[in-house]
Amino acid sequence: GAAAWAEMEINKTYAAGITSQQILQDLLKNYNLTVADITLKHNVKHRKARTLSGKLKNIIQKIAKETETKIYINQERVFVRPTEKGDNKDFYLSGATGLLGSPERCEVSEGETRKEGYKIQCLLNHQITTDRIVVIQSQMAEGSFRVVKGSHNSREYITEMEVLPWQA
């Protein structure tokens, strides 16, 4: 499913008055991934009919940019949401709860922007995924952070992530 969206071609026309959210819902239901969240920062209402033609991935990314949202696929589920939105599941990371080493300052890329954040390592935890909110307690970083990207290394039992400061 996730690989197919990059190659799927579409050619559709929508009537005047349709919103960006309605277009996204229609496009996403046709490519066999579960939609986990569609929350747009700006839900544009189109005054004229809108024709969309090309690769599904490119069209969805263009709509996401127009509505100031991000789009990603995580665990076979599609998320379209404002950049600052995250999922707060009360993950606390400290030396006593799985944080490995000290957080390292780094530039974190998210879309076209780069912000000051941290690179973090912790004991393997597959529940920590993109947009998960983690609370970090260490001498280098303290507070709530949103996971922008990361990876799980099952061989070494480590989860690595890049995080940005987050406020509810």
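Side chains are part of it too, since the values below use all heavy atoms of this structure and drop only hydrogens, waters and symmetry mates.
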With [X], which residues qualify under salt bridge (Lys or Arg N to Asp or Glu O under 4.0 Å), at least two apart?
X: Lys12; value: Asp26
X: Glu116; value: Arg105
X: Arg81; value: Asp37, Asp87, Asp131

Residue pairs fulfilling salt bridge (Lys or Arg N to Asp or Glu O under 4.0 Å) with at least one residue in residues 43-53, sequence neighbours excluded
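Residue pairs passing salt bridge (Lys or Arg N to Asp or Glu O under 4.0 Å), neighbours aside: Arg50-Glu66.
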
Is it true that atom NZ of Lys55 has more than 12 heavy atoms of other residues, nucleotides or ligands lying nearer than 6.0 Å?
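Yes, enclosed.
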
Neighbour count >12 (heavy atoms, 6.0 Å) for atom CD, Glu9
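More than 12 within 6.0 Å, yes.
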
Taking side-chain contact (heavy atoms from CB on, under 4.5 Å) as the criterion, tell me which of Pro165, Ser144, Pro103 meets it with Ile136.
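So the option named by the test is Pro103.
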
Tell me every residue that passes ring-ring contact (aromatic ring centres under 6.0 Å, His included) with Phe91, counting only those two or more places apart in sequence or in another chain.
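Testing Phe91 for ring-ring contact (aromatic ring centres under 6.0 Å, His included), a comparison that skips the adjacent residues, returns none.
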
Hydrophobic cluster partners of Tyr92 (side-chain heavy atoms under 4.5 Å)
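Val135, which link up through side-chain heavy atoms under 4.5 Å apart, make up the rest of the cluster.
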
Apart from Leu124 itself, residues in the same hydrophobic cluster as defined by side-chain heavy atoms under 4.5 Å:
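For the cluster that includes Leu124, the remaining residues are Tyr157.
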
Looking at residues at least two apart in the chain, or sitting in another chain, which of them share a side-chain hydrogen bond (donor to acceptor under 3.5 Å, both in side chains) with [X]?
X: Glu84; answer: none
X: Thr97; answer: Ser94
X: Gln139; answer: none
X: Lys65; answer: Glu112

Pairs involving residues 95-137, ordered by first then second residue, that meet ring pair (Phe, Tyr, Trp, His ring centres under 6.0 Å) (sequence neighbours left out)
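Non-adjacent pairs meeting ring pair (Phe, Tyr, Trp, His ring centres under 6.0 Å): Tyr118-Phe145, His126-His152.
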
Are Asn125 and Thr159 close enough that a side-chain donor and a side-chain acceptor fall under 3.5 Å?
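The criterion, which ignores hydrogens and geometry beyond distance, is not satisfied for Thr159 and Asn125.
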
Heavy-atom pair with the smallest gap, counting every atom of Thr130 and Val148:
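Answer, listing the atom of Thr130 first, then Val148: CG2-O, 3.6 Å.
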
Would you name the heavy atoms of Ile71 and Ala64 that are closest together and state the gap between them?
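Result for this residue pair: CG2-CB, 4.2 Å.
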
Ion pair Arg146/Glu162, N-O distance below 4.0 Å:
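No, this pair does not count.
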
Gap separating the CG atom of Leu40 from the OG1 atom of Thr19, nearest 0.5 angstrom:
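Reported to 0.5 Å precision, the distance equals 7.5 Å.
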
What distance separates Gln21 CD from Asn43 CG, expressed to the nearest 0.5 Å?
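Going from the CD atom of Gln21 to the CG atom of Asn43 covers 5.0 Å.
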
Please say yes or no: joined through hydrophobic side-chain contacts below 4.5 Å, possibly via intermediate residues, are Val44 and Val80 part of one cluster?
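No, it is not one cluster - the side chains of Val44 and Val80 are not joined through contacts under 4.5 Å.
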
